[in-house]
Amino acid sequence: MAAFQPSLECENISNIHSDQTDSDLIQKTDERYRETLPNLPKGKGWMTEHLVQYQGFWLTPNAALKILMWVQDHFKPRPTDIFLASFPKSGTTWLKALIFATVNRTRYGFADHPLLTTGPHDCFPFLDAHLQEKDRSRFDLDRFPSPRLLSIHIPYILLPNSMTDHQSCRFVYICRDPKDVLVSKWLFLNKLRPKDFPPISLEEAFELFCQGISHYGPFWDHVLGYWEASLETPEKILFLKYEDLKKEPLVVVKRLGDFLGYPFSLEEESKGVVEEIVKLCSFENLSTLEVNKVSVQKFSKDTIIDNRHFFRKGKVGDWKSYLTTEMVERLDEITYEKLLGSGLVFGS
Ligand code: A3P
């Protein structure tokens, strides 16, 4: 994946791996990975054959577990880093576009904006891209200009202290009603299942989801980790809901600007800059762009995804077309119990 980054000019390139090369560090992580993997509990995979449980969360044995270990062992955050964190299918693609457009708004005009020709996942890459051997030279984190925009699905409590301590980087987390997450995830991952795997039924996906066995699940533990951290350090973590973003995009984008240290001036507001960003990043606009219809994303050696799969309906409450009354009741009950006392609620 060739990550689009604004400019390397005048950048003070950090030399964080001065004694050991990147390949040495990746090799070290590989050793720990090879020792750990055989001892981990296995659960049924949605896209791969298995998921493995590591430190309480379910991960794909290849890509997700390896990137987590590398982040835990070797990743060096910069205080200026901006992380977009999410449980998969919660609105990551949309928020990538919104943050990229907000942070870079003085750099680009809306008529020839990079988001019109480059997909959100290339403008705002996943941290995982660093570990793809072939692309490492094209995705060199040390050479990224600040602020680096990086996306992760890693649960908050598994992040290294260097990322969570008060002085370092900022996070924007997006969550979504688990019923919509489940449906979106089931439809998405069935499209990605290898051809020789039969499709996974909604009933089976539902059971696995309820048991917490889904990529980076349990869903509720993932959300609560960021929620609680956002209450403790609101200046470090902005906690957003997909549903709020749908309802009041202008309000949320202004909050984003304030939180990230790129507040919108009165002049920008009166010129309609916030509206332009919301329009540029809207489902209606992004989903019809050629780049988001034809290009592919290479997330790991084995995972190549058509950009169009990241844009399905973009609606709140599409679960109503898929889930039975019993499913809704059970999922709502689990959510109620898990979130009880946390102060976090999802509308039903
Ligand atoms: P649906 O499958 O419910 O349509 P992620 O980016 O985390 O993978 O989440 C994908 C979900 O976000 C999909 O939901 C997708 O359609 C929706 N989405 C993508 N871009 C969007 C946008 N610009 N506005 C609103 N929703 C968007």
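Hydrogens, waters and symmetry mates are skipped; everything else that's a heavy atom, side chains included, is used. For ligands, and for the atoms within them, numbers begin at 1 and follow the listed sequence.
Here the OH atom belonging to Y336 is positioned 15.0 Å from the CD atom belonging to E329, to the nearest 0.5 angstrom.
Close approach to C281 involves these atoms of ligand 1, each under 4.0 Å from a residue heavy atom: 23 (N). In summary, the atoms of ligand 1 found under 4.0 Å from a heavy atom of Y242, numbered by their order in the structure, are 17 (C), 25 (C), 26 (N), 27 (C).
Here the protein heavy atom with the shortest distance to atom 6 (O) of ligand 1 is T93 OG1, 2.5 Å. The protein atom (non-hydrogen) at minimum distance from atom 14 (O) of ligand 1 is R176 NH1, 3.2 Å.
Contact annotation: for F188 versus ligand 1, there are no heavy atoms closer than 4.0 Å. If you look at S86 next to ligand 1, there are no close heavy atoms at all, none under 4.0 Å. With a 4.0 Å cut-off on non-hydrogen atoms, S184 touches ligand 1 through its backbone as well as its side chain. Contacts of K96 with ligand 1, taken as heavy-atom pairs under 4.0 Å, are absent altogether. Residue contacts with ligand 1 for A97 are absent, since no atom lies close enough (heavy atoms, distance under 4.0 Å).
In this comparison of K185, K89, R312, the heavy atom closest to atom 10 (C) of ligand 1 sits on K89.
Classification of the F209-F219 ring pair by plane angle, with boundaries at 30° and 60°, yields tilted. Classified by interplanar angle (parallel below 30°, tilted 30° to 60°, perpendicular above 60°), the ring pair Y242/W94 is perpendicular. Using the six-membered ring where Trp is involved, F100 and H113 have ring planes that are perpendicular, over 60° apart on the 30 and 60° scheme.
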